[in-house]
Protein chains: 2
Amino acid sequence: MTTLHIVDDDEAIRDALGWLFQSRNVPVIGWESAQAFLDAWTPETTGCLLLDIRMDGMSGLELFDRLLAQGSRMPVIFLTGHGDVPIAVGALKKGARDFVEKPFNDNELVDRVIGALAFDHDQRVREAGQAGLAARIASLTQRERQVMELVVAGRLNKVIAEELGISMRTVEVHRSHVFEKMRVKTAVELTRLLTGAG
Amino acid sequence: MTTLHIVDDDEAIRDALGWLFQSRNVPVIGWESAQAFLDAWTPETTGCLLLDIRMDGMSGLELFDRLLAQGSRMPVIFLTGHGDVPIAVGALKKGARDFVEKPFNDNELVDRVIGALAFDHDQRVREAGQAGLAARIASLTQRERQVMELVVAGRLNKVIAEELGISMRTVEVHRSHVFEKMRVKTAVELTRLLTGAG
DNA sequence: GAGGCTATTGTGGAAATCCGCAGAACCTGC
DNA sequence: GCAGGTTCTGCGGATTTCCACAATAGCCTC
């Protein structure tokens, strides 16, 4: 199960939210500052983020920006006491998942968090597949990659041989190595794999 | 050039926005009510929508909902005088492109509208391609569609013949008809076409 | 220098695809 | 009824792909 990270400099709020979510069987970690979370964050950190906008030191928005800059795609739900439409709009357009004003409805917030956690999980499953794919592509040699691109572009071996200025036989060898390393049996399967089709 | 549709029941605002956009060479049509726009709307209506939230009769949000229900994907920018975060968040999560509070910065609004118009145009170009594709698929016979699906799934003719309980030769005939009607030469090209790859 | 990886090419055969020619059964519309 | 579209099949040959066996050569590492 993935974890909800609550970042709020108000200990009372962290505790209250902690109780709320633990009572719903959602694992929670509280962070007393944006910097504390950012220091602990790694690309492997999973779950979702419940983030107060106004905090001493680094604001929630700034933390969001820094996470994005570091390539994070963890879903972020902002929590704010004083509604400000331009801030909300800006945050959502940057990719925040939600923006909730206090006081909030407990059940609604829990639902949104659970939705965000599920999204993060699905996203990670997808990315794991992509990572496996990337590893397989990385195991190809230069020449094999060239041949693969042309195969996936729909070229016949004969044409590929001409374009690369090598013999058809060599293309065949590379092609079969590509199929083997990419673990597919046909050019169509390879195409589906690389274009991310179902 | 596509058109900006301004829906606002305040004639003074329609006029002011009309002047603003016409001075920047953005074609504008003003609508005095949500209902008036909705009555005139067809799936072929192009451009983007600048939509006041609070209006007599149908509200901007309700118009947005109705357009979505009718399959519109025209970009919508909401304009509102009295900021309300939950409304803004809800609109953006439903797919609104932007949510701007009055008073707004003229240049910024113009930029956002131009961006929305460009987006609509690109979207329509993509959809036009998809429509041509749909027409080609529609010209296939039942059997040809079945064979096509299996070809794109990476099956060999031999396997397809078994699965459909027909001879390999028949599969070959259907397959070549599919290639002809879909205007491709190889199974890989067909796969790319159907999976929407570059 | 031996061993491994990469890239290259050839021979030859099995399997699969591509394609024209020919024919038949079924159904629909004029 | 006949023309036309759809579905089905076979034969034979050209083209392409797949694959095992075999070999040469450059580069890098131990």
Side-chain angles (χ1 to χ4, degrees), chain A residues 129-198, chain B residues 129-198:
Chain A
Q130 292 295 307
L133 179 61
R136 278 182 265 172
I137 292 175
S139 77
L140 299 176
T141 66
Q142 286 285 313
R143 220 32 165 178
E144 285 164 356
R145 246 190 295 282
Q146 288 178 342
V147 170
M148 179 174 76
E149 282 171 20
L150 293 170
V151 167
V152 168
R155 309 276 208 294
L156 297 181
N157 287 353
K158 186 201 254 182
V159 181
I160 296 173
E162 284 170 19
E163 288 192 27
L164 295 181
I166 56 182
S167 78
M168 237 183 75
R169 187 63 191 91
T170 306
V171 174
E172 288 177 41
V173 171
H174 289 315
R175 183 185 175 123
S176 85
H177 286 163
V178 167
F179 282 9
E180 190 183 337
K181 286 183 179 176
M182 299 300 288
R183 295 175 206 161
V184 296
K185 283 182 182 163
T186 67
V188 169
E189 284 179 59
L190 183 62
T191 305
R192 299 178 71 85
L193 196 63
L194 293 180
T195 57
Chain B
Q130 293 296 307
L133 179 60
R136 278 182 266 173
I137 293 176
S139 77
L140 299 176
T141 66
Q142 286 285 313
R143 223 25 167 182
E144 285 164 357
R145 245 190 297 282
Q146 287 179 342
V147 170
M148 179 174 76
E149 282 171 21
L150 293 169
V151 167
V152 169
R155 308 278 209 293
L156 298 180
N157 287 353
K158 185 201 256 185
V159 181
I160 296 173
E162 283 170 18
E163 288 194 28
L164 295 181
I166 58 182
S167 79
M168 237 183 74
R169 185 64 190 89
T170 306
V171 173
E172 288 174 39
V173 171
H174 289 317
R175 183 184 173 123
S176 85
H177 286 162
V178 168
F179 283 8
E180 190 184 335
K181 288 182 178 177
M182 299 300 288
R183 296 177 206 160
V184 295
K185 285 181 181 164
T186 67
V188 168
E189 285 177 60
L190 182 62
T191 305
R192 299 177 70 83
L193 195 64
L194 293 180
T195 57

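This structure is a prediction, so every number in the text was calculated from the model and none was measured. Chain naming here is simple, since letters A, B, ... match the order of the sequence lines and numbering starts at 1 in each.
For the pair B/Glu180 CD and C/dT17 C1', the interatomic distance rounds to 17 Å; values are reported in whole Å.
With rounding to the nearest 0.5 Å, the separation of NE2 in B/His174 from CD in B/Gln142 is 11.5 Å. One finds the OG1 atom of B/Thr186 at 7.0 Å from the CG atom of A/Leu156 (value rounded to the nearest 0.5 Å).
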message = One pair to check against side chain to side chain contact (heavy atoms under 4.5 Å, CB included): A/Leu133 and A/Met182. What are the steps and the verdict?
response = CA-CA 8 Å; A/Leu133 179 61; A/Met182 299 300 288; 3.7 Å; yes

task = Walk me through it: do A/Met168 and A/Glu172 pass the test side chain to side chain contact (heavy atoms under 4.5 Å, CB included)?
result = CA-CA 6 Å; A/Met168 237 183 75; A/Glu172 288 177 41; 3.7 Å; yes

request  = Show the numbers, then the answer: is there a side chain to side chain contact (heavy atoms under 4.5 Å, CB included) between A/Leu164 and A/Leu150?
outcome  = CA-CA 10 Å; A/Leu164 295 181; A/Leu150 293 170; 4.0 Å; yes

ask   = Where do B/Arg192 and B/Glu189 land on the salt bridge (charged side-chain N to carboxylate O under 4.0 Å, His left out) test, with the steps shown first?
value = CA-CA 5 Å; B/Arg192 299 177 70 83; B/Glu189 285 177 60; over 6 Å; no

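The closest donor-acceptor contact from the side chain of B/Arg175 to the backbone of B/Val147 lies at 3.5 Å or more, if one exists at all.
Atom CZ of B/Arg183 is surrounded by 12 or fewer heavy atoms from other residues, nucleotides or ligands within 6.0 Å.
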Tabulate atom names and distances for all N/O pairs under 3.5 angstrom spanning the protein and nucleotides 3-10 of chain D.
residue : atom : partner  : partner atom : Å
D/dT7   : OP1  : B/Thr141 : OG1          : 3.4
D/dT7   : OP1  : B/Arg143 : N            : 3.2
D/dT7   : OP2  : B/Thr141 : OG1          : 2.3
D/dC8   : OP1  : B/Arg143 : NE           : 3.0
D/dC8   : OP1  : B/Arg143 : NH2          : 2.6
D/dC8   : OP2  : B/Arg143 : NE           : 2.7
D/dC8   : OP2  : B/His174 : NE2          : 3.2
D/dT9   : OP2  : B/Ser167 : N            : 2.6
D/dT9   : OP2  : B/Thr170 : OG1          : 3.1
D/dG10  : O6   : B/Arg169 : NE           : 3.3

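A heavy atom closer than 4.0 Å to some atom of DNA chain D occurs in A/Leu156, A/Asn157, A/Lys158, these being the qualifying members of residues 146-163 of chain A.
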